[in-house]
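A short write-up of the structure that comes next.
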Amino acid sequence: MKRLKINKDYLFYGLLIVYLILISLSLLFRDMINDEALYFHETALLSELIRSCTWIGNYGVGLHGFLFKIPPAIIFLITGPSVTVVTIYHIILTAIVGVLFYNLSSNILKNKLYGILSTAILFTNFHFLLSTVTYLREIPSILVILLLFNNIFNKGNKFTLSFLFLLLLDVKEYIFFVFA
């Protein structure tokens, strides 16, 4: 009997696309919760400051992270403040997290099937599912942590490592202190 050979990378990316489509359906039922409204307000303020070419240092736009708010703030210049924009932004970050986690776990475990399974475990975690469709700081935190681990395991240079630690400090201070 001939065994069917499937490229595991194609399998992973196919599953990732299905996952992202299912998560995107949550846009139909989306609303702000708790701290999200504060982050959203800071992003909208950042967008208005960029529009008026005003120095942002005098305003409270970086109280809860700053750098990961810049892309949606720039998009707000075109679309106006929108919950859908920040949710799609987080879904895109989730896709990047998925690819990084798959590559990292496949390299560490030396098996692409185990990489797919470990990424599936991450993606089906309740807290990860909840964080994907919110504008909280968890997804950017995981992204920076994965970039940090990737740099460490690939023996990246110290300048990049320093920059990633600085980025981690911007995303969530207490996670920075755990790693430092």
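This structure is a prediction, so every number in the text was calculated from the model and none was measured.
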Task: Lys112 versus Ser106, closest heavy-atom pair with distance - done: CA-OG, 3.7 Å
- [ ] Could you check if a side-chain atom of Leu122 sits within less than 4.5 angstrom of a side-chain atom of Val97, using non-hydrogen atoms only?
- [x] yes
- [ ] Give the C-alpha distance, both sets of side-chain angles, the deciding distance and a yes or no for ring pair (Phe, Tyr, Trp, His ring centres under 6.0 Å) between Phe101 and Phe149.
- [x] CA-CA 10 Å; Phe101 191 78; Phe149 283 155; 9.7 Å; no
- [ ] Quick one: pull up CD1 in Ile139 and CD1 in Ile91 and give me the separation to the nearest 0.5 Å.
- [x] 10.0 Å
Task: Separation of Leu136 CG from Phe40 CZ (nearest 0.5 Å) - done: 13.5 Å
- [ ] Work out which heavy atom in Pro81 is nearest to a heavy atom in Ala44; give both atom names and the distance.
- [x] CG-CB, 4.1 Å
Task: Pairs satisfying ring pair (Phe, Tyr, Trp, His ring centres under 6.0 Å), at least one member in residues 19-38, at least two apart - done: Tyr19-Phe123
Open item on the list: If you define the side chain from C-beta out and look only at heavy atoms, does anything of Ile23 sit under 4.5 Å from Thr94?
Closed with: no
Open item on the list: Quick check: closest heavy atoms across Gly98 and Thr119, and the distance to 0.1 Å?
Closed with: O-CG2, 4.0 Å
- [ ] Check the angle between the aromatic planes of Tyr102 and Tyr13 and answer parallel, tilted or perpendicular using the 30° and 60° thresholds.
- [x] perpendicular
TODO: Measure the CG-CG distance between Leu38 and Asp35 for me, rounded to the nearest 0.5 Å.
DONE: 6.5 Å
Task: Tyr89 (side chain) donor-acceptor with Phe68 (main chain) under 3.5 angstrom - done: yes
Task: Within one Ile-Leu-Val-Met-Phe-Trp-Tyr cluster: Phe12 and Ile17, side-chain cutoff 4.5 Å - done: no
Open item on the list: Distance alone, cut at 3.5 Å: any donor-acceptor contact between the side chains of Thr43 and Tyr135?
Closed with: yes
Task: Hphob cluster co-occupancy, Phe153 + Leu146, side-chain heavy atoms under 4.5 angstrom - done: yes
Open item on the list: Does Phe179, at its CZ atom, have more than 12 non-hydrogen atoms belonging to other residues, nucleotides or ligands within less than 6.0 Å?
Closed with: yes
TODO: Work out which heavy atom in Arg137 is nearest to a heavy atom in Val171; give both atom names and the distance.
DONE: O-CG1, 3.8 Å
Open item on the list: Let me confirm one number: the CD-CG distance from Glu48 to Leu77, rounded to the nearest 0.5 Å.
Closed with: 7.5 Å
TODO: For Thr134 and His90, work out which heavy atoms get closest and say how close.
DONE: O-ND1, 3.0 Å
Open item on the list: Is there a path of hydrophobic side-chain contacts, each under 4.5 Å between heavy atoms, that joins Tyr174 and Phe66?
Closed with: yes
- [ ] Indicate if Val83 and Leu130 have the same hydrophobic cluster label, given that clusters are the connected sets of ILVMFWY residues with side-chain heavy-atom separations under 4.5 angstrom.
- [x] no
TODO: Grab the two heavy atoms, one from Thr124 and one from Leu129, that are nearest each other, plus how far apart they are.
DONE: O-CD1, 4.0 Å
Open item on the list: Tell me whether Asn111 contacts the main-chain N or O of Leu113 through its side chain, where contact means a donor paired with an acceptor under 3.5 Å.
Closed with: yes
- [ ] State, with a plain yes or no, whether a side-chain heavy atom of Val18 is found less than 4.5 Å away from one of Leu15.
- [x] no
Open item on the list: Are Val86 and Phe76 packed together at the side-chain level, in the sense that at least one heavy-atom pair is separated by less than 4.5 angstrom?
Closed with: yes
TODO: Check whether any side-chain N or O of Asn103 sits under 3.5 Å from a backbone N or O of Val99 as a donor-acceptor pair, and report yes or no.
DONE: yes
Open item on the list: Hydrophobic cluster membership, with links at side-chain heavy-atom distances under 4.5 Å among I/L/V/M/F/W/Y: are Leu148 and Phe177 in one?
Closed with: yes
Open item on the list: Closer than 3.5 angstrom, by distance alone: can the side chain of Asn151 be matched with the main-chain N or O of Leu147 as a donor-acceptor pair?
Closed with: no
Open item on the list: Once rounded to the nearest 0.5 Å, what's the spacing between atom CD1 of Ile142 and atom CD1 of Ile96?
Closed with: 13.5 Å
- [ ] To the nearest 0.5 angstrom, please state how far the CG atom of Leu167 sits from the OG atom of Ser162.
- [x] 12.5 Å
